[in-house]
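Report on the following structure.
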Amino acid sequence: SVEVIAGSIEYYIESAVEDAIDGIGGQVIARLITPDPIVLPSPIDTQLQLNWGLQTVSFTRERALFGLDFQMFTPAPDASLAQRGVGAIRNEGQAPGFSTSDYATGFAVKDDFLNQVLWATWRGGGFHLEVPPDHSVGGILSQIGLSVEALEPPVIMPGRGGNDVDVGW
């Protein structure tokens with residue numbers, strides 16, 4: 001029937017467009033995302049590595065939705081933390097629903113990715129902070145240093161009590 005043929009043609013056109021956009025979109029994103037480690041400045045002083053891929057592409061008459069899959073990790077784990085924990089907490093959240101009338105472009109980041117960033121920063125020693133004694137202040141304070149070490153990574157969770165998100169440590 002005509003409906004079956006139209007459905008098949010629509011499927012092949014959508015697949016061809018998805019393949020073309022996958023290639024073009026991947027090239028554009030590859031230019032925006034460097035394979036080099038991201039160096040977090042002092043006092044965190046750690047490096048993070050980002051891997052990414054195109055997860056989903058879908059089209060409707062009103063919009064195109066692209067889902068990117070990101071993974072953040074540390075290329076050099078802190079030796080004292082390397083054996084601790086099982087990985088970043090995961091919520092397996094769904095892609096958000098975007099309104100087609102409120103704005104032309106939408107951008108969302110899953111809390112799973114934010115937790116990967118926090119986990120990788122923690123595992124790389126980024127939350128182990130050292131403040132050496134400051135001899136310029138004089139007196140007893142010039143002999144006091146400070147060392148703070150997070151024994152567990154911070155996490156972002158769905159909010160409770162009216163909060164959009166909660167942060168726990």
Side-chain angles (χ1 to χ4, degrees), residues 18 21-60 62-134 144-169:
E18 285 178 4
I21 288 178
D22 185 16
I24 294 168
Q27 291 172 16
V28 169
I29 293 167
R31 290 183 183 177
L32 297 175
I33 300 173
T34 174
D36 298 330
I38 300 164
V39 179
L40 300 179
S42 181
I44 296 174
D45 290 327
T46 194
Q47 293 183 5
L48 302 178
Q49 188 71 46
L50 179 67
N51 286 342
W52 68 275
L54 186 62
Q55 184 181 36
T56 60
V57 177
S58 64
F59 298 94
T60 67
E62 297 85 28
R63 67 180 180 179
L65 179 65
F66 300 92
L68 299 175
D69 190 19
F70 290 97
Q71 177 190 22
M72 183 70 71
F73 61 95
T74 180
D78 182 286
S80 67
L81 301 173
Q83 301 302 318
R84 295 188 52 136
V86 294
I89 189 172
R90 292 182 61 150
N91 190 24
E92 300 295 340
Q94 297 297 317
F98 288 106
S99 167
T100 57
S101 60
D102 291 344
Y103 40 82
T105 303
F107 179 78
V109 177
K110 285 184 171 183
D111 56 356
D112 288 348
F113 177 69
L114 297 175
N115 281 320
Q116 281 186 10
V117 172
L118 292 171
W119 169 267
T121 302
W122 171 78
R123 193 155 187 244
F127 296 116
H128 184 163
L129 307 175
E130 296 283 339
V131 180
D134 184 356
I144 297 174
L146 179 65
S147 177
V148 177
E149 182 173 3
L151 299 178
E152 297 294 331
V155 294
I156 293 176
M157 303 166 287
R160 295 171 290 170
N163 297 332
D164 288 330
V165 296
D166 286 338
V167 178
W169 208 316

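Each residue takes its place number in the sequence, starting with 1.
- We find the CG-CE distance between Asn115 and Met157 to be 8.5 Å, quoted to the nearest 0.5 Å.
- For the pair Leu151 and Trp122, the tightest heavy-atom approach, listed with the atom from each and the gap, is O-CZ2, 3.4 Å.
- Taking CG of Asp112 as the start and CD1 of Ile156 as the end, the distance is 10.5 Å to the nearest 0.5 Å.
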For this session: Show the numbers, then the answer: is there a side chain to side chain contact (heavy atoms under 4.5 Å, CB included) between Asp111 and Val165?
Result: CA-CA 9 Å; Asp111 56 356; Val165 296; 5.7 Å; no
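- Residues satisfying the ring-ring contact (aromatic ring centres under 6.0 Å, His included) test with Phe73, not counting sequence neighbours, are none.
- Remark: Ser147 pairs with Glu130 by the side chain to side chain donor-acceptor pair (under 3.5 Å) rule, at least two apart or across chains.
- With hydrogens and angles ignored, the 3.5 Å screen pairs no side-chain donor or acceptor of Thr74 with any backbone N or O of Gln49.
- Separation of atoms CG (Asp134) and CD1 (Ile144) is listed at 11.5 Å; rounding is to 0.5 Å.
- Nearest heavy-atom pair across Pro153 and Trp119 is CG-CE3, 3.5 Å.
- Side-chain contact between Leu118 and Val155 is absent, with no heavy atoms from C-beta onward closer than 4.5 Å.
- The aromatic rings of Phe113 and Phe70 are tilted relative to each other, their planes meeting at an angle between 30° and 60°.
- Under a 3.5 Å cut-off, the side chain of Gln116 and the backbone N or O of Met72 do form a donor-acceptor pair.
- A distance of 10.0 Å separates CG in Asp36 from CD in Gln47, rounded to the nearest 0.5 Å.
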